[in-house]
Amino acid sequence: MSKLSQKHLLGIKNITKADIELIFETAQNFKDVINRPIKKVPSLRDITIANVFFENSTRTRLSFELAEKRLSADVINFSSSSSSVKKGETLLDTVNNILAMKVDMVVMRHSSVGAPHFLAKHIDANIINAGDGTHEHPTQALLDTYSIKEKLGSLQGKKVAIIGDILHSRVALSNIFALQKLGAKVMVCGPPTLLPKYISSLDVKVELDVQKALHWCDVANVLRIQLERQQIKYFPSLREYSIYYGINKKMLDQLKKEIVLMHPGPINRGVELSSDAADSHHSIILDQVENGVAIRMAVLYLLAGATG
Ligand code: CP
């Protein structure tokens, strides 16, 4: 079996183009499996996986759980809101207690940047980062780039605009790394207050005008305004944000070109995307969700075979 170069999947920054291509190839096989009448394979039947979520999630958590069950792994789920974290237990104690139950892999979402990297230094199990604060969300970037490849045939030379709240987005950073490794050209677009200062060091185009970004790109990946991470006001109101940065179907139709519309979810309908755009023929948002299961099956399967 081919293996990834890493024992953990902590981010896209430190994996190779060959790793990404291996994940895509493996995901393609699993996509065929999950579209068969019998959707399950025995690949991980000796493996126990803990989904440890210290932050809310719908897509990522369900997608990982389904991927694990499709691979016949034993699965346990942990949610901080109903756990002894509320009684003051530390992250390391919590995870070590879970591992004492003979868990092989940990899928973790945490609000703190670097939480999965910290764990990886202290425990033996394979760690998969399911989103750490504003830092990285590697499986989201893998399913996003896989979905673009599926739609357009290749990433090489394709123009991808990431539009919205770049400052607070872990999806943006992981997507930038993945798109660049796969040969795409990347633009970020949003209000100046929602563009991080370090963005110029990432070799991406920066655009403040959403119309210009839409004219430039083959793919628009639209991000949510992450109000839960905003302690100060970065723009006057959601209504004003929607007027200047919201995307509707008329704007897409008027481009008179093929454009692929993406969103990692959850969508704030009427803020960054109108319903008629989100549900239009331009959108591959639900394809992204479908591909998420195959991508996560591939990551779990390949990491289970990694020696570290
Ligand atoms: N895309 C994504 O991470 O969604 P969830 O927060 O619902 O997992």
Side-chain angles (χ1 to χ4, degrees), residues 9-13 23 27 49-70 75 77-82 105-116 127-148 150 160 162-179 188 190 194 219-230 247 260-269 271-273 277-279 283-300:
L9 181 64
L10 302 177
I12 301 293
K13 188 175 182 182
I23 292 168
I49 304 175
N51 299 314
V52 178
F53 278 64
F54 289 86
E55 244 193 12
N56 295 341
S57 169
T58 300
R59 276 145 295 271
T60 311
R61 184 173 175 154
L62 291 178
S63 179
F64 266 113
E65 189 171 345
L66 196 56
E68 292 152 3
K69 288 178 172 169
R70 296 277 190 251
V75 179
N77 288 306
F78 164 92
S79 163
S80 63
S81 58
S82 56
M105 302 175 90
V106 176
V107 176
M108 189 173 78
R109 171 168 288 192
H110 202 284
S111 58
S112 297
V113 169
I127 311 287
I128 300 173
N129 180 2
D132 63 322
T134 57
H135 183 215
E136 282 226 42
H137 190 350
T139 55
Q140 182 68 47
L142 290 167
L143 74 90
D144 288 345
T145 45
Y146 178 88
S147 301
I148 298 171
E150 185 178 64
V160 181
I162 304 172
I163 301 171
D165 182 356
I166 312 296
L167 182 67
H168 300 100
S169 175
R170 51 196 173 211
V171 175
L173 197 56
S174 286
N175 260 270
I176 290 168
F177 293 140
L179 288 162
V188 293
L194 291 178
V219 178
N221 194 353
V222 183
L223 305 180
R224 180 173 69 88
I225 293 293
Q226 304 210 15
L227 289 173
E228 75 275 22
R229 299 191 202 284
Q230 299 183 9
I247 293 171
V260 178
L261 180 69
M262 304 175 71
H263 192 301
I267 304 171
N268 286 321
R269 286 178 183 256
V271 181
E272 68 268 7
L273 272 186
D279 303 331
S283 166
I284 60 163
I285 293 170
L286 291 179
D287 297 334
Q288 291 172 257
V289 178
E290 179 183 344
N291 288 334
V293 178
I295 284 288
R296 289 173 176 124
M297 286 175 80
V299 168
L300 293 161

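Numbering of ligands and ligand atoms starts at 1, following listing order.
Geometrically, R109 does not engage F53 in a cation-pi contact, judged by NZ or CZ lying under 6.0 Å from the ring centre and within 45° of the ring axis.
In this structure, atom 1 (N) of ligand 1 lies nearest to the protein heavy atom P264 O, 2.9 Å. The protein non-hydrogen atom at the shortest distance from atom 4 (O) of ligand 1 is R59 NE, 3.1 Å.
Near Q140, meaning under 4.0 Å from one of its heavy atoms, ligand 1 places the atoms 1 (N), 2 (C). Atoms of ligand 1 lying under 4.0 Å from any heavy atom of T60, numbered from 1 in the order shown and given with element: 2 (C), 3 (O), 4 (O), 5 (P), 8 (O). The contact set between ligand 1 and T58, taken as ligand atoms under 4.0 Å from a residue heavy atom, comprises 5 (P), 7 (O), 8 (O).
Summarising the geometry, atom CG belonging to L173 is positioned 8.5 Å from atom OG1 belonging to T134; distances are rounded to the nearest 0.5 Å. The CZ atom of R61 lies 5.0 Å from the CG atom of N77; values are rounded to the nearest 0.5 Å. I128 contributes atom CD1, which lies 8.0 Å from atom OG1 of T139 (distance to the nearest 0.5 angstrom).
Under a 4.0 Å heavy-atom criterion, G265 is in contact with ligand 1.
The heavy atom nearest to atom 6 (O) of ligand 1, out of those in E55, R109, H137, is found in R109.
Between R61 and ligand 1, no pair of N/O atoms sits closer than 3.5 Å.
In this structure, K69 pairs ionically with E65, as a charged nitrogen and a carboxylate oxygen lie closer than 4.0 Å.
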- Would you please test H263 and E272 for side-chain contact (heavy atoms from CB on, under 4.5 Å) and show each step? CA-CA 10 Å; H263 192 301; E272 68 268 7; 2.8 Å; yes
